[in-house]
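Data first, discussion second: the structure below is written as structure tokens.
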Amino acid sequence: MSAATTWPLGQVLTPTGPRFVAHAHAYHGFLVQRRYRRLPVPADPFRTAEAPAPVCYEPYLHPFWHPERVSAAGLSLPALEAWARDHPGQAFTHPTYRGLLLRWDHPAPGDAYRVSAYQLPAAVQEADDDWYVNVKARRPAERPPILFFTPTTDWVSGRTRYRLDHDVPAERSTLREAGLQWVPQGEDGAAPGWYTREWAAAQAAAQAARLEGCVAALRQHPLPAPTLLVYEGPGLVRSRQSFATIEQAWAVYQQVPRAAAECTREGAQLYPRLALAWERGAHAPAQLLADQAQPTGLVLHRGPDPTLPYLIPAFAFQRPGQPAAPAYAPSSDGQWVPVPDPALDPAPGLRAG
């Protein structure tokens, strides 16, 4: 498995047009996305009144609801969103709610909602970075100019918006008329650029770019892959195994038996060594999170996928006794960024894009 993201860009076809789920995942057939929920402040008898209270978040797999089934059941979509956030994992086994969730590739006959992995438009599937509309290099005549947008998700609220990846030959007023909004540096914690929450606005921007045949397309930045690496010697990787979540990788790392000693009498590290790391691509060095000496002949076994109802366990690198994750989460470009307060941006229901 490569170090690039293994979670595809999900596409939900709806009666009003497509919606998109950044870094979507098929969990036992359900469409889910990794989210974070804020936890109560843990009791700390040693914290002074002047010390700021810690902000803790717990990662979980958030499902997506089928609006027509929710309506037919006489239920409220915003209320179900809030319930899923407050009861992570329980919707997958709930006797009523389970049947209201969106699934991958298995719609009922006549169902207006269909979930699949997003595919580039056929006209641009063979394109690469040299053919962005803002690049001055020659573009093959048979290839249309492409306007790439990147979906970015707030990992607490679930709100997704699309960022224009590059400059285009269009006036700012034209982009605003198409429905895009300029976000300056630092606002909302986002990089400066043109954003929209509606895919129709992105398509309108492509038409406003004053380039014949210009099309809008989506791409998402790869997330770093949590990976276990077996080192035979310094810098010599014998085998590797990537996982969908850091929690799954940490669980396997903890189950592997340790060697009797960590280093020689002279202080040199012993090999083989097992390392837990983020891998960010073939040409980027791995970021080691933990490593330990292992017995000779180590063989990694992934083990079965967690059974329902699977709740992502607490973040692995907290001190004992601390609940869940710190107030940081991976952004769409693989960086760790502060997670906003969910109370400031409530979940809007099924707005995957």
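- A salt bridge links Arg219 to Asp165: one of the charged nitrogens lies within less than 4.0 Å of a carboxylate oxygen.
- Side-chain contact between Glu198 and Arg161 is absent, with no heavy atoms from C-beta onward closer than 4.5 Å.
- Distance check: Leu218 CG to Leu120 CG gives 8.5 Å after rounding to the nearest 0.5 Å.
- When only modelled atom types and interatomic distance are considered, Thr264 and Glu266 share a side-chain donor-acceptor pair under 3.5 Å.
- With a 4.5 Å cut-off on side-chain heavy atoms, Asp105 and Val115 do not count as touching.
- In this structure, Val12 and Leu31 have side chains that are in contact, with non-hydrogen atoms separated by less than 4.5 Å.
- Judged purely by atom type and a 3.5 angstrom limit, Thr227 uses its side chain to pair as donor or acceptor with the backbone of Ala225.
- Here the CZ-CZ distance, from Arg19 to Arg197, works out to 11.0 Å after rounding to the nearest 0.5 Å.
- Taking both residues in full, the closest heavy atoms of Pro8 and Ala117 are given as CB-CB, 4.1 Å, listed atom of the first, atom of the second, then distance.
- For the atom pair Thr96 OG1 and Leu80 CG, the distance stands at 10.0 Å (nearest 0.5 Å).
- Between Tyr118 and Gln11, the closest heavy-atom pair is CD1-OE1, 3.4 Å.
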Does the pair Asp111 and Arg103 meet the rule for a salt bridge (charged side-chain N to carboxylate O under 4.0 Å, His left out), with working shown?
-> CA-CA 12 Å; Asp111 194 338; Arg103 292 174 173 267; over 6 Å; no

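- A salt bridge links Arg240 and Glu279; the closest N-O separation between the charged side-chain nitrogens and carboxylate oxygens is under 4.0 Å.
- A donor-acceptor contact shorter than 3.5 Å is absent between the side chain of Thr153 and the backbone of Trp155.
- The two residues Ala206 and Cys214 make their nearest non-hydrogen contact at O-CB, 3.6 Å.
- By the 4.5 Å heavy-atom criterion applied to side chains, Tyr113 and Glu68 are counted as neighbours.
- Side-chain atoms of Tyr36 and Arg34 form a donor-acceptor pair, as typed in the model, at a separation below 3.5 Å.
- A 4.5 Å side-chain heavy-atom check between Arg258 and Leu274 finds every atom pair outside the cut-off.
- Scanning all heavy atoms of the two residues, the minimum distance from Ala293 to Leu270 falls at CB-O, 4.0 Å.
- The line from CH2 of Trp199 to OH of Tyr162 is 7.5 Å long, rounded to the nearest 0.5 Å.
- Leu13 and Val32 fall into different hydrophobic clusters, where Ile, Leu, Val, Met, Phe, Trp and Tyr side chains are chained together by heavy-atom contacts under 4.5 Å.
- Note that CZ of Arg114 is 12.0 Å distant from CG of Leu102, once rounded to the nearest 0.5 Å.
- Contact of the Trp182 side chain with the Tyr195 side chain is not registered, since no non-hydrogen atoms from C-beta on lie closer than 4.5 Å.
- With a 4.5 Å cut-off on side-chain heavy atoms, Phe64 and Gln33 count as touching.
- Taking Tyr97 as the reference, Trp65, Trp83, His94 meet the ring pair (Phe, Tyr, Trp, His ring centres under 6.0 Å) condition, with sequence neighbours excluded.
- In this model, no donor atom of one side chain and acceptor atom of the other lie less than 3.5 Å apart for Arg273 and Gln292.
- Residues Val230 and Gln294 form no side-chain contact, since every pair of their non-hydrogen atoms from C-beta on lies 4.5 Å or further apart.
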